[in-house]
Amino acid sequence: MPPILLPPTPCAVNSTSRTAGDAITHRNRKLTTRRQHCRISVTTSCSSSPLSVAPALIANDPTARAFSALFKAASSPSPASPSLGAQLHAQAVVRGFLRDGDNTILSTAILNFYASCREPDLARRVFDRMPRRSAITWNALIKGYAHAGRRDEALALFRCMTRQDRVAPDKYTFPALLSGIGRNHGGGCVRELGGAVHAQVVKSGLDKDPFVGASLVSMYAATGALEDVKAVFDDVDTLDPVVWSSVISAYVNCKDEEGALITFYKMLCQDIKPRQFVYSSLFAICGSMSMLEMGRQVHAHSLKNITNKDAAMTNALLTMYSDCGCISDAWRVFNSNDIVDVISYNSMILALGQHAHPKEAAELFRRMKFSGLIPDEVTFLNLLSAFNHAGLVHEGLHLFDSMMDMEGIEPMYQHYACVIDMLARSGEIEESMKTIKEMPFEAETPLWRIVLGACSKHGDIETGMKIAKMLFHMEPYEPTNYILLGNIYARLGRWTDTEKIRSLMEKRGIDGDDAFSWIEMGQRTHRFGVDDRSHPISEEIYRNLDRLIGSIKAAGYVPDTSFATHSTEKDRREESLRYHCEKLAFAFGDLASPSGDTLRIMKNLRVCGDCHSAYKYFSLVTGRKIVLRDNHRFHHFYKGACSCGDYW
DNA sequence: TTAGGGTTAG
């Protein structure tokens with residue numbers, strides 16, 4: 001097991017207050033009020049907002065200008081709660097600052113505040129009372145509706161602004177509008193609407209503006225239209241780093257990781273200094289592809305170029321190391337992070353869960369609360385998942401039951417799904433079915449598939465058959481349903497039925513995902529399929545694997561042919577397991593790296609049970625640590641045992 | 001008043 005470094009207790013909240021001075025500081029913003037004498041500072045890792053100083057401010061008989069400053073501070077970058085804003089708004093009304101709506105500065109600040117905290121209807125009420133409208137107020141209102149996901153209303157406002165009020169859109173209008181269009185994630189004629197807005201951009205002569213360009217890029221990226229992204233990129237001022245970071249993130253969104261890396265290199269060639277945003281995207285790529293060496297290089301690059309790290313970049317770095325199988329590096333990043341926020345904790349709790357450290361995850365959860373940060377629904381989901389990975393059903397159910405009581409968080413569909421998975425996987429199939437019936441959501445097919453998989457594992461054929469029948473009806477062309485049912489038959493030794501399922505798939509033209517594994521070695525990624533002989537040193541790899549299998553058999557390994565699904569004869573079944581992709585990847589890694597080195601291997605699907613057993617023996621006979629990432633979690637093999645405790 | 005990045009069942 002890799003050493004787990006315990007993090008120091010973070011001190012997240014630091015509120016000093018109410019002494020001399022007249023400044024309110026929030027995330028490097030300094031605002032000055034004139035009459036009131038209160039000084040309150042809030043650190044960046046704090047979950048409170050500038051509005052928490054509102055009572056102190058109000059008690060000091062503030063000016064309209066002080067109110068404006070407070071609303072402005074509360075709007076960005078993390079908007080405060082709308083109810084607090086509403087209270088302050090009421091105070092401003094009581095003091096007569098908004099009589100006839102004629103205080104443009106204060107009204108605009110309140111309008112912007114409501115727009116930032118996604119309360120566009122409240123923003124609209126302020127807007128409607130303002131006697132004078134300008135591009136600034138229109139832009140704020142459009143942004144409010146767009147950010148709240150109310151695209152059609154944002155578009156209607158844009159038409160009102162330009163046609164009825166005859167206010168010309170400016171460089172602030174289009175980013176607000178376009179973000180609302182892209183927010184729909186490609187659904188509902190986004191491309192058509194986006195194209196129409198793009199035409200307006202060109203008509204307004206704003207197509208060279210970097211902010212507008214960045215918004216167009218992200219809108220087109222949301223529709224998957226990489227060609228349009230590139231066209232916009234060609235038109236705008238490409239010396240602006242923001243546009244480059246938008247394009248890199250567009251490639252990431254469109255799953256073109258190579259394109260993102262090439263764009264990054266081009267950016268460096270043009271001497272454009274990357275900012276935090278770019279590194280965040282690159283860390284996400286390296287993590288998702290498990291490119292540890294590349295990730296380390298990008299990390300080193302960021303250390304040279306970024307002096308003011310921010311939470312998002314550091315959290316992306318933490319996740320990158322975890323995704324690459326390096327949980328102790330993820331801990332190091334977490335420890336060195338000056339700015340620890342809720343997402344930092346969530347990311348680290350998730351990482352610990354995936355790497356089979358449920359106790360540390362629970363301890364971190366306690367420390368998070370002790371630090372003053374308030375866990376959110378993702379925190380609970382990640383901790384539930386950590387318990388699920390370890391089979392800690394009792395702890396998981398207790399956490400689930402206490403979510404509402406502890407933090408008032410109503411369990412969402414994902415929380416129920418996690419608990420149902422937890423019950424089913426531990427063999428409580430009946431209880432999991434009961435929870436599905438009782439939960440306030442309709443179970444979706446992936447959840448049914450989880451229970452079907454558990455039925456296969458625990459031999460509950462009756463329930464499994466019922467679920468399979470239902471799934472075939474709901475999704476007749478989903479390969480996993482066929483594969484899971486085939487597995488149930490295979491586990492029972494009903495090879496004829498297994499073959500029937502396979503031929504049914506063939507007849508219907510359904511292909512399952514091909515399994516493949518990969519390993520990074522010598523700055524290259526080596527990929528292996530099942531029975532794959534395409535590698536340049538394939539013969540040596542197969543020879544090494546045969547040798548390794550001989551060694552592990554001598555150490556006690558017995559091939560588990562119940563995981564073979566392709567054949568009816570025992571010998572052939574054993575043969576079909578021997579050259580699984582993850583075994584080939586290990587045999588290659590063992591051949592290509594110095595003895596004693598840790599091997600990090602990835603697989604696109606869940607690790608097969610026989611390979612899991614073989615890996616334990618591989619770690620025993622070679623003395624290597626092996627980290628295997630499948631599409632589910634991490635397995636750390638060492639000295640003949642796995643961190644998952646054979647529960648996965 | 002603008003844009004772009006980080007965590008979320010398996």
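Side-chain atoms are counted along with the backbone in the values below, which use heavy atoms only and exclude waters and symmetry mates. Note on naming: letters A, B, ... go to the chains in the order of the sequence lines (proteins, then strands), and numbering restarts at 1 for each one.
For DNA chain B, the residues of residues 440-450 of chain A within the heavy-atom distance limit of 4.0 Å (strictly under) are A:P446, A:I450, sorted by number.
A:S218 has a side-chain polar atom (N or O) that falls below the 4.0 Å cut-off from OP1 or OP2 of B:dG4. Contact annotation: A:S215 side-chain N/O to B:dT2 OP1/OP2 distance is not under 4.0 Å.
Stacking between A:F211 and B:dT2 is shown: the ring centroid lies under 5.5 Å from the centre of the six-membered base ring, and the planes differ by under 30°.
A donor N or O paired with an acceptor N or O is not found under 3.5 Å between the base of B:dG10 and the side-chain atoms of A:N388. The base of B:dG4 has none of its N or O atoms less than 3.5 Å from a complementary donor or acceptor on the side chain of A:S246.
Residue-level contact check: A:N382 touches the backbone only, with heavy atoms under 4.0 Å from sugar-phosphate atoms and none from bases. Heavy atoms of A:I136 sit under 4.0 angstrom from at least one base atom. Residue A:S280 is classed as a base contact, given a heavy-atom separation below 4.0 Å to a base. As judged by a 4.0 angstrom heavy-atom cut-off over every strand, A:R633 is placed among residues making no nucleic acid contact. Base engagement by A:A311 is indicated by at least one non-hydrogen atom pair under 4.0 Å involving a base atom.
Atom CG of A:L383 and atom C1' of B:dT7 are 14 Å apart (whole Å).
Between A:E119 and A:R124 no salt bridge is recorded (no basic side-chain N to carboxylate O distance below 4.0 Å).
A cation-pi contact, defined as under 6.0 Å to the ring centre and within 45° of the axis, links A:K457 to A:Y647.
When side chains are defined from C-beta on, A:C324 does not count as touching A:R629, because their heavy atoms never get closer than 4.5 Å.
The nucleotide whose nearest atom lies closest to any side-chain atom of A:H389 is, among B:dG10, B:dG5, B:dT7, B:dG10. Considering only the side chain of A:K143, B:dT1 comes nearest among B:dG4, B:dT7, B:dT1.
In this structure, A:F283 has its ring center no closer than 6.0 Å to that of A:Y321. Two rings, from A:W244 and A:F264, have their centers 6.0 Å or more apart.
Not a single donor-acceptor pair under 3.5 Å links the side chain of A:R425 to the backbone N or O of A:I420.
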